[in-house]
Amino acid sequence: MDDTLETFVPLQFKRKKGKLLVDGRESAHDVHIIEAVARATYWNALLDSGAFKSVVEIARLEGLMPTTVGRLLRLARLAPDVIEQLMVGCQPRQLTLLWLMRNDIPALWPEQRQLFERFR
């Protein structure tokens, strides 16, 4: 048996005025947000597994301030559908990593969805 893992994501591409659109929508991936969510998820897994005991240890390893790591860790608690929108590039343009780090993100997923809907 082949040990490779394969993922299939069905997408439809269309052109509009020379732009390539996915599923008929203009998408603009924010690589900074996607990378931050990935790092936060990884750090959260390290904390949950006990590999690191605190945010301070992760910050020291990464060469960051503990407050920065703490702010980024909040992204690990985003609702799955919100993360999916970020991955597909359907987040509002006004939503930036800086905004996500400087503002409180609700813990409850329905409240997160309402918060992100206000950007649209």
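- The side-chain heavy atoms of Leu75 and Ile33, taken from C-beta on, include no pair separated by under 4.5 Å.
- With a 6.0 Å radius and a threshold of 12 heavy atoms from other residues, nucleotides or ligands, Met87 has its CE atom at or below the threshold.
- In this structure, CG on Leu97 lies 7.0 Å from CG on Asp30, to the nearest 0.5 angstrom.
- Every pair passing side-chain hydrogen bond (donor to acceptor under 3.5 Å, both in side chains) that includes a residue from residues 78-88 is listed here, sequence neighbours excluded: Asp81-Arg113, Gln85-Arg120.
- Closest approach of Ala76 to Ala40, counting heavy atoms only: CB-O, 3.6 Å.
- When every heavy atom of Arg77 is checked against every heavy atom of Gln112, the shortest pair comes out as O-NE2, 3.1 Å.
- Crowding of Phe119 atom CZ: a count of heavy atoms from other residues, nucleotides or ligands under 6.0 Å exceeding 12.
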Solution key, residues 45-56 side-chain donor-acceptor pairs under 3.5 Å, sequence neighbours excluded:
residue	atom	partner	partner atom	Å
Ser49	OG	Ala45	O	3.2
Ser49	OG	Leu46	O	3.1
Ser49	OG	Ala51	N	3.3
Ser54	OG	Val56	N	3.4
Ser54	OG	Glu57	N	3.3

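- Sequence neighbours left out, the pairs with a member in residues 97-107 that pass side-chain hydrogen bond (donor to acceptor under 3.5 Å, both in side chains) are Arg74-Asp104.
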Could you tabulate the donor-acceptor pairs under 3.5 Å formed by side-chain atoms of residues 59-72, not counting sequence neighbours?
residue	atom	partner	partner atom	Å
Glu62	OE1	Arg39	NH2	3.0
Glu62	OE2	Trp43	NE1	3.3

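- Linking Ile, Leu, Val, Met, Phe, Trp and Tyr whenever their side-chain heavy atoms come within less than 4.5 Å leaves Trp109 and Leu86 in two separate clusters.
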Passes side chain to side chain contact (heavy atoms under 4.5 Å, CB included), Leu78 versus Phe116? Steps please. CA-CA 11 Å; Leu78 288 174; Phe116 291 115; 4.0 Å; yes
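- Distance alone, capped at 3.5 Å, places no donor-acceptor pair between the Glu111 side chain and the Pro106 backbone.
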